[in-house]
Asker: 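Have a look at this one before I ask anything.
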Protein chains: 2
Amino acid sequence: MGRTSDGHTEGRRERKRRQTRERIEQAAMSLFLERGFDATTIEDIAARADVSKRSFFDYFPSKEEVVFAWQDGFADRMMTAIAARPADEPAVKAVQHGLISAIVLAADERAMALGELVRNTPTLRARDQLKYAKLEGKLTEALRLRARSEEERRRMRLLAAVVMSALRVGGEVWNQEPPGTSLEAFAHRFFGSFWKSLGEFSDEAEKTDQKIPSVMAESAR
Amino acid sequence: MGRTSDGHTEGRRERKRRQTRERIEQAAMSLFLERGFDATTIEDIAARADVSKRSFFDYFPSKEEVVFAWQDGFADRMMTAIAARPADEPAVKAVQHGLISAIVLAADERAMALGELVRNTPTLRARDQLKYAKLEGKLTEALRLRARSEEERRRMRLLAAVVMSALRVGGEVWNQEPPGTSLEAFAHRFFGSFWKSLGEFSDEAEKTDQKIPSVMAESAR
DNA sequence: TGATAATGTTGCACTTGATGCAAATATTCA
DNA sequence: TGAATATTTGCATCAAGTGCAACATTATCA
């Protein structure tokens, strides 16, 4: 009997299940890239993966979910990477490095093709946005595991949100970047300018403002 | 013949069309609130609005879109409100005030009920996230109309993104707030602490960092 | 006013995504 | 091997959404 990476034994049953899932995913992805998402039916996918149409839904809850199946793995790697950062590192740096290392690992050709597919398939836009929301949730979790005070826990929710903004906008800028650029270097540069911009926004706001008690800190009425 | 608010004549045809649309929207919303989104079929809606199932799709492209039909009006009001801010006001303040005034106008009972509906209808989560993306696009537009340099235009994309973060997180915090709180006051307090937090994130990042050229400014390779 | 063009509405047939269920098949393990 | 368990499949069914052609209403203008 085979064994999975975490030492848990994997019988024929589990192995076949995993293989079938992979077969379906690959069949679907190749069809999506060939004909487009909308022009591919579940029957097409099932046929190429050599399973029944009904079985498709035993592995994926919907056609859309196949496109975003990679997400869970990505989120896990991101969480692990953040957890691995030194405990005394400031949160902003821990996310930046953790996120970037997860991105660099994930950003292969397949991922790029997938991004393009999503970008020119209007049907997928809503589900694509949900991706960020899910990731934001995971990011909040990961950051809160490091938080050392209630106050910091609250701030982490906000940090996760703005980091997702960085990811979104960074992605856009990256897509306009000439090909051949190093993704990792780009990402660090982008984050650098991102933090700087946040500071500028903050300064602009302060200039015209009197001090205001934090609404996150206490439930001020 | 009647006239619309913008002086354009409205014949029977246009008037009936508008009325039918409103009837469908109300029929749908009342059914959604009574039975839930998933438990309501298009035929139910069509029946209550007294049109054929086929006609429903003449007015709305899908069941989901009815729930988010208010969005266009909101975005327009937001853009108008921002455009109405003094030209020399810093961008951060212009968005804050513009956005808040649009929110205060929109936040009636119906909107709150709708928010709750969306929150406990998993089917709508993806489309709900798309709402923010669309709004972010409009916000970027509105801000860029005020921008006075290319550099500022680029920064506005980022500002729009982080402001949407504020909207998202602010909404969450607001929903945990005791009822009876003034929304407008809350929103201003929240934005105050938001800008402050951005500054803190920025400072935390600077502490551990050397200077980095802005990647937004030039297409540095 | 009345003919005609333009637009709106409806019914109908059809495709596809998705779900429940029960029969058939494969796998595990004592 | 054979009983228990899990997987796969086919089939029926529902609901969302689209194209199309027939029909109804409204607008236009000679």
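Every chain is numbered from 1 and lettered A, B, ... according to where its sequence line falls, protein lines coming before strand lines. Everything numeric in this text was worked out from a predicted model, so none of it was measured.
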Asker: With the threshold set at 4.0 Å, does a side-chain nitrogen-carboxylate oxygen contact exist between A/E150 and A/R153?
Answerer: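 Salt bridge: yes.
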Asker: Check each of B/V162, B/L158, B/L159 against A/L198 using the side chain to side chain contact (heavy atoms under 4.5 Å, CB included) test, and report the only one that passes.
Answerer: B/V162
Asker: C/dT27 P sits how many Å from A/Q19 CD, rounded?
Answerer: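 Atom-to-atom, A/Q19 to C/dT27, this comes out as 11 Å.
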Asker: Tell me: NZ of A/K63 to P of D/dA16, nearest whole Å?
Answerer: 18 Å
Asker: When you check the gap from the basic side-chain N to the acidic O, do A/E22 and A/R18 get nearer than 4.0 Å?
Answerer: yes
Asker: Would A/E152 and A/R146 pass as an ion pair if we require N to O under 4.0 Å?
Answerer: no
Asker: Under 4.0 Å between a side-chain nitrogen and a carboxylate oxygen: does that hold for A/R125 and A/D128?
Answerer: no
Asker: Nearest whole angstrom, please: distance from the P of D/dG17 to the NZ of B/K53.
Answerer: 10 Å
Asker: Write down the distance between CZ (A/F57) and C1' (C/dC21), rounded to a whole number of angstrom.
Answerer: 16 Å
Asker: In whole angstrom, what separates A/I24's CD1 from C/dG17's C1'?
Answerer: 15 Å
Asker: Given B/S30, which partner from the list B/R48, B/E25, B/R35 fulfils the side-chain hydrogen bond (donor to acceptor under 3.5 Å, both in side chains) test?
Answerer: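 Output: one option passes, namely B/R48.
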Asker: In this structure, which one of B/Y132, B/F190, B/F191, B/F194 forms a side chain to side chain contact (heavy atoms under 4.5 Å, CB included) with B/L167?
Answerer: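 Answer to the side chain to side chain contact (heavy atoms under 4.5 Å, CB included) test with B/L167 among B/Y132, B/F190, B/F191, B/F194: B/Y132.
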Asker: Can you tell me the distance, in whole Å, between the CG atom of B/D38 and the P atom of D/dA16?
Answerer: 10 Å
Asker: Between B/R23 and B/V51, is a side-chain contact (heavy atoms from CB on, under 4.5 Å) present by the stated rule, with each step listed?
Answerer: CA-CA 9 Å; B/R23 228 170 48 243; B/V51 291; 3.8 Å; yes
Asker: I need a per-nucleotide contact map over nucleotides 4-9 of chain D, read 5' to 3'. Cutoff is protein heavy atoms under 4.0 Å; write B for the base, S for backbone only, - otherwise.
Answerer: -BSSBB
Asker: Measure from the side-chain N and O atoms of A/T41 to the backbone N and O of A/D44, and report whether any donor-acceptor pair falls under 3.5 Å.
Answerer: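 Checking the backbone N and O of A/D44 against the side chain of A/T41, a donor-acceptor pair under 3.5 Å is found.
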Asker: In whole Å, I'd like the distance from the CZ atom of A/F56 to the C1' atom of C/dA18.
Answerer: 10 Å
Asker: Near DNA chain D, under 4.0 Å by heavy atom, which residues of residues 39-49 of chain A?
Answerer: none
Asker: Rounded to whole Å, please give me the gap between CZ in B/F60 and P in C/dT9.
Answerer: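 In whole Å, C/dT9 P lies 13 Å from B/F60 CZ.
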